[in-house]
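Notes to accompany the following structure.
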There are 2 protein chains.
Amino acid sequence: MPRTPASTDVFHAVAEPRRRELLGLLSSGERPVTALVRELGWPQAQVSKHLGVLRGAGLVCVRPEGRQRFYHVQPEPLKAMHEWTAMFERHWTRQVDRIKARAESAASNPTKEIR
Amino acid sequence: MPRTPASTDVFHAVAEPRRRELLGLLSSGERPVTALVRELGWPQAQVSKHLGVLRGAGLVCVRPEGRQRFYHVQPEPLKAMHEWTAMFERHWTRQVDRIKARAESAASNPTKEIR
DNA sequence: TCAATATATTCCCATTTGGGAATATGTCAA
DNA sequence: TTGACATATTCCCAAATGGGAATATATTGA
């Protein structure tokens, strides 16, 4: 059974907190690698490697300019993730409803045990 | 540098496609392990192991009943993921706008090169 | 052409991961 | 108590992962 490698799978790619941080940074605008290295404070090799994974997952795109490479976010795959999680939206809204109902019931019956 | 283990981190937990499948199944309602094994067709040990990871990440909850254990989705952590991806929403909506604008411009200037 | 700059890739290593098989644990029913 | 059933855990293994250090590649300017 082949596992889905982080190098091509969006979910795996963003599972790494560092890569989320990197993406977050890029979300505020296109940047060359040097800028990322400076802002993140990581070794350059690591930044490049993480960018490589994000690139493989289609989460970022490169625009070469001279000897620099400007990276920017490619949001499509994240949209898929967003939609997958949305599948469970009704669960958490329902849960909030339950909690609210419980709180209200507790407020009107102060002696009653909360459960 | 400690990595975030799949056993406690939501993003890692959900990075595994099998676990997404499992969650998807559970999203349609609480079930005992036996039912999951039957519906998924995986070895029982694997189902239990994946459930263990999901449990560790707070994504599912157990309700013991006799010798069975009923699992159900615990949506809170997914909400966090949903919100994280939402951070990039403006990117994909903007991108759609760009694509639309391009298509419209192409439609009104049929001879112009698309870029 | 040569040196400097920007970035990617390679090699090595410790750790984690998921699968398979076997086994342990807990619960019920006879 | 004993055996069947439901589920979790352990052990072993091959593969993948991220970090560090070093090195390769490409581009620009002197």
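Values reported hereafter were calculated over all heavy atoms of this structure, with side chains retained and with hydrogens, waters and symmetry mates removed. Each chain gets a letter, A, B and so on, in the order the sequences are listed, and its residues count up from 1.
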Q. Which nucleotide, C:dG19, C:dT9, D:dG18, lies nearest any side-chain atom of A:Ser48?
A. C:dT9

For [N], does OP1 or OP2 lie under 4.0 Å from any side-chain N or O of [X]?
X	N	result
B:Arg18	C:dG18	no
B:Gln46	C:dG19	yes
A:Arg69	C:dA8	yes
A:His50	D:dG19	yes

Q.
Taking any heavy-atom pair under 4.0 Å as a contact, classify B:Tyr71: base, sugar-phosphate, or nothing.
A. sugar-phosphate

Q. Looking for any heavy atom pair under 4.0 Å, which part of the strands does B:Gln44 touch: base, sugar-phosphate only, or nothing?
A. base

I'd like a list of close polar pairs between nucleotides 1-5 of chain C and the protein, N/O only, cut-off under 3.5 Å.
residue: C:dT5; atom: O4'; partner: A:Arg67; partner atom: NH1; Å: 3.2
residue: C:dT5; atom: O2; partner: A:Arg67; partner atom: NH1; Å: 3.4

To the nearest 0.5 Å, what is the distance between [atom1] on [X] and [atom2] on [Y]?
X	Y	atom1	atom2	answer
A:Leu40	A:Leu22	CG	CG	6.0 Å
A:Arg55	A:Ser48	CZ	OG	8.0 Å
B:His50	B:Leu23	NE2	CG	11.5 Å
B:Arg18	B:Leu54	CZ	CG	13.5 Å
A:Leu78	A:His82	CG	NE2	10.0 Å

Polar pairs (N or O, both sides) under 3.5 Å between protein and nucleotides 10-12 of chain C?
residue: C:dT10; atom: O4; partner: A:Lys49; partner atom: NZ; Å: 3.4

To the nearest Å, how far apart are [X] [atom1] and [N] [atom2]?
X	N	atom1	atom2	value
A:Trp42	D:dA21	CH2	P	17 Å
B:Glu21	C:dG19	CD	C1'	16 Å
A:Leu51	C:dT9	CG	P	11 Å
B:Asp9	C:dT15	CG	P	20 Å
A:Leu54	D:dT17	CG	P	13 Å
A:Arg38	C:dA6	CZ	P	10 Å
B:Arg63	C:dT27	CZ	P	15 Å
B:His12	D:dA16	NE2	P	15 Å

Q. Starting at the 5' end of DNA chain D and moving along, which residue's nearest nucleotide shows up first, A:Gly66 or B:Val47?
A. B:Val47

**Q.** Partner residues of A:Glu83 under the side-chain hydrogen bond (donor to acceptor under 3.5 Å, both in side chains) criterion, sequence neighbours left out
**A.** none

Q) Do you reckon B:Phe70 sits in the same ILVMFWY cluster as B:Leu26, going by side-chain contacts under 4.5 Å, direct or chained? A) no

Q: Taking ring pair (Phe, Tyr, Trp, His ring centres under 6.0 Å) as the test, write out the residues that go with B:Trp84, two or more places apart.
A: B:Phe11, B:Phe88

Q | salt bridge (Lys or Arg N to Asp or Glu O under 4.0 Å) pairs, two or more places apart, involving residues 33-53 of chain B | A | B:Arg31-B:Glu39

Q: For A:Arg20, enumerate each residue passing the salt bridge (Lys or Arg N to Asp or Glu O under 4.0 Å) test, keeping only those at least two apart in sequence or located in another chain.
A: none

